[in-house]
Number of protein chains: 2
Amino acid sequence: MLDVAREAGVSLKTVSRVVNGEPAVRPETSQRVERAMAALGFRRNDSARQLRTGRTASVGLVVEDLADPFYSLLTKAVARVCEERGHLLLSGSAEGSPERERSLVSAFLARRVDGLVVVPALADDHGWLAGEGVPFVLVDRPAGGTPCDSVLSDNAGGVRAAVEHLAGRGHRRIGFLGDDAAFWTAQQRRRGFLEAVDALGLPAADLVGMGPHTVASAAALLEGWGAGADPLTAVVTGNNRVTVTALRALRDAGRRLEVVGFDDVELADLLDPPLTVVAQDPERLGDTAARLLFRRMGGDLEGMGPVVVPTRLVVRG
Amino acid sequence: MLDVAREAGVSLKTVSRVVNGEPAVRPETSQRVERAMAALGFRRNDSARQLRTGRTASVGLVVEDLADPFYSLLTKAVARVCEERGHLLLSGSAEGSPERERSLVSAFLARRVDGLVVVPALADDHGWLAGEGVPFVLVDRPAGGTPCDSVLSDNAGGVRAAVEHLAGRGHRRIGFLGDDAAFWTAQQRRRGFLEAVDALGLPAADLVGMGPHTVASAAALLEGWGAGADPLTAVVTGNNRVTVTALRALRDAGRRLEVVGFDDVELADLLDPPLTVVAQDPERLGDTAARLLFRRMGGDLEGMGPVVVPTRLVVRG
DNA sequence: TTGTAGGCGTTATCAA
DNA sequence: TTGATAACGCCTACAA
């Protein structure tokens, strides 16, 4: 910047004014500076600017896995909001590890991000994060202990809708294949299932199998539930992964069972039969979380707490 | 840091030494500093560090669409290499726009990233990037003009393998549905197709339809090729998107045609019939590009130019 | 409309 | 083994 000033024959401060588009500069001077900048290939050093202003115009995002379509859609939505507000997004995958989550958050904080969006690896207390003094919003899963902002899918409601849909089609014996009950979302979906069958007066307490599932374990459960005088006629699966596993198990067994999956899957309409799903809206989760974060960053601390984003039953076939 | 120094009763520089794990500090002093840091919740300000050292330990990545599984897998691979080397990854989607590509690159350069990985929006000359004096590697597509590093899939070879596979299964009339010929990759795949049918002595010059395709346009082409005395029996599709479009068109028409798709798709094994594909390896593309970039960043400028990553024919059903 | 001085938090240099 | 001091490049405050 000093070089530019010399080249243009003006002071440092004048160059700074031109770079930042401050008004009080004569057009003629401004042009001279612009030319000098172009000639020297000048580009403002954001580190220096950040050091001086204390603001980085950046936001950190920690998800479980950037390569998972759910999180990459969420990431994209957050990135879009950030861009809208002139902020840069830093993102990373915690891969389910609380240590990685903390180390990512730590790296972001060292870079002085203005805010954080975090998919917590565990549902444990995130008071440590609150203590950092940087606004943050949790997504997809809440954290116990210290109350804070979170944006969640309507997990239980989604599964209830699935069960009601199946019941409406005449099914009485409906099973639930959930993922590992260690996941908060898996618990919520199981709860939704139990509430729904209970409300409808369906017999199902013994038709719940939590994961993690392999094709073999899913096949064994489905076979068990299918045996006897009153066999299973439909099943709800707890997430994308379980859905795929269950479909493979059914195909291998040559069985046709009505399936409703939690999470939408690509090509669901090309399967035989087409797959009905409870679709989450990762983009809306990300968008909502990011907008909420910017509100917090702007100093508005009104109404902190959980926000629930609805799911949508997509009936196919 | 000054506060920590005061709290520990040492000089600023000593705290800096402890923070950076420099050796020449008495363990006792070091402990005192550590305690003071913990008490004050100290965290190094990377902006200041970057300003002073001139290095940011960060890399910028520009892809077409972060939410596309191909690019999100690529991103993850780049992120993994960055983490391995203690670097932070900044990423963004250009959404196919050269302007957005430049503005992302510009934002990254203002933050003084140490290197760049870029999926070029256009195959035009990227001399402007080379002129910035920051090491960079292009991925997925090359750029004309100024020679530079690039990591590319074996597009033509992949399609050749697909055609040979189909010919090996007895097909003589094979079609090719490609995406928009404005894309460099679409051109390469068409070239691979034409070379393959030519080498095998198959009649196919009139069985090429480039996109963009809708279900209707794909259906029309397939119907045309399927009419007459010597109808089409198999088709190769030019990418993920075209594959899905073609499958929908075939389903709607109630036709069964042997299809080999470029790009792997989730649930391909659950389709009826299971879908054979030419799989790219986005993770290897990203990994290769990132490692190459770190070599360049390390000052090794040996053998600049394109690197080709093989594709893999995944036969199903 | 333009310029000068000072400091943001860190690391490098050199001295003690 | 430790400390004093000077940058790094920019922006804020104030002065001309």
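Proteins get letters first, then strands, A, B, ... in listed order; numbering begins at 1 in each.
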Please report the distance, rounded to the nearest Å, between [atom1] in [X] and [atom2] in [N].
X	N	atom1	atom2	result
B:R49	C:dA12	CZ	P	8 Å
B:M1	D:dC8	CE	C1'	14 Å
B:R6	D:dT2	CZ	P	20 Å
B:R17	C:dT10	CZ	P	15 Å
A:L12	D:dC11	CG	C1'	9 Å
A:R111	C:dG9	CZ	P	18 Å
A:R26	C:dG3	CZ	C1'	14 Å
A:L2	C:dG3	CG	C1'	13 Å

#### Entry: Any pair counted as side chain to side chain donor-acceptor pair (under 3.5 Å), so long as it reaches residues 73-84 of chain B, sequence neighbours left out
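As it turns out, the side chain to side chain donor-acceptor pair (under 3.5 Å) pairs with a partner in residues 73-84 of chain B, which skip direct neighbours, are A:D65-B:K76, A:R100-B:E83, B:E84-B:R291.
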### Query
Of all the nucleotides listed (D:dG9, C:dT10, C:dG3), which has the minimum atom distance to the side chain of B:L51?
D:dG9
### Query
Closer to the 5' end of DNA chain D via nearest nucleotide, is it B:V25 or A:N45?
B:V25
Is the base of [N] touched by the side chain of [X] through a donor-acceptor pair closer than 3.5 angstrom?
X	N	result
B:K13	D:dA4	no
A:R52	D:dC11	yes
B:R43	C:dG9	no

Going by atom types only, do [X] and [Y] share a side-chain donor-acceptor pair under 3.5 Å?
X	Y	answer
B:Q50	B:T56	no
B:N155	B:T185	no
B:N20	B:R49	yes
B:D263	B:N239	no

Please determine whether a side-chain nitrogen or oxygen atom of [X] lies at a distance below 4.0 Å from atom OP1 or OP2 of [N].
X	N	answer
A:T14	C:dT2	no
B:T29	D:dT2	yes
A:N20	D:dC11	yes
B:S16	C:dT11	yes

#### Entry: A:F294/A:H87 aromatic ring centres below 6.0 Å
yes
### Query
Taking five pairs at each end, how big is the angle between the two axes of the helix from C:dT1-D:dA16 to C:dA16-D:dT1, to 10°?
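Here the helix ends are tilted 30° relative to one another.
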### Task
Report which part of the nucleic acid A:V10 touches: base, sugar-phosphate, or nothing (heavy-atom distance under 4.0 Å, all strands).
sugar-phosphate
### Query
If only atom types and distance count, is the side chain of A:S106 paired as donor or acceptor with the main-chain N or O of A:S103 below 3.5 Å?
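Not a single qualifying donor-acceptor pair exists.
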Show every donor-acceptor pair shorter than 3.5 Å between a side-chain atom in residues 33-42 of chain B and any protein atom, with sequence neighbours excluded, or say none if there are none.
none

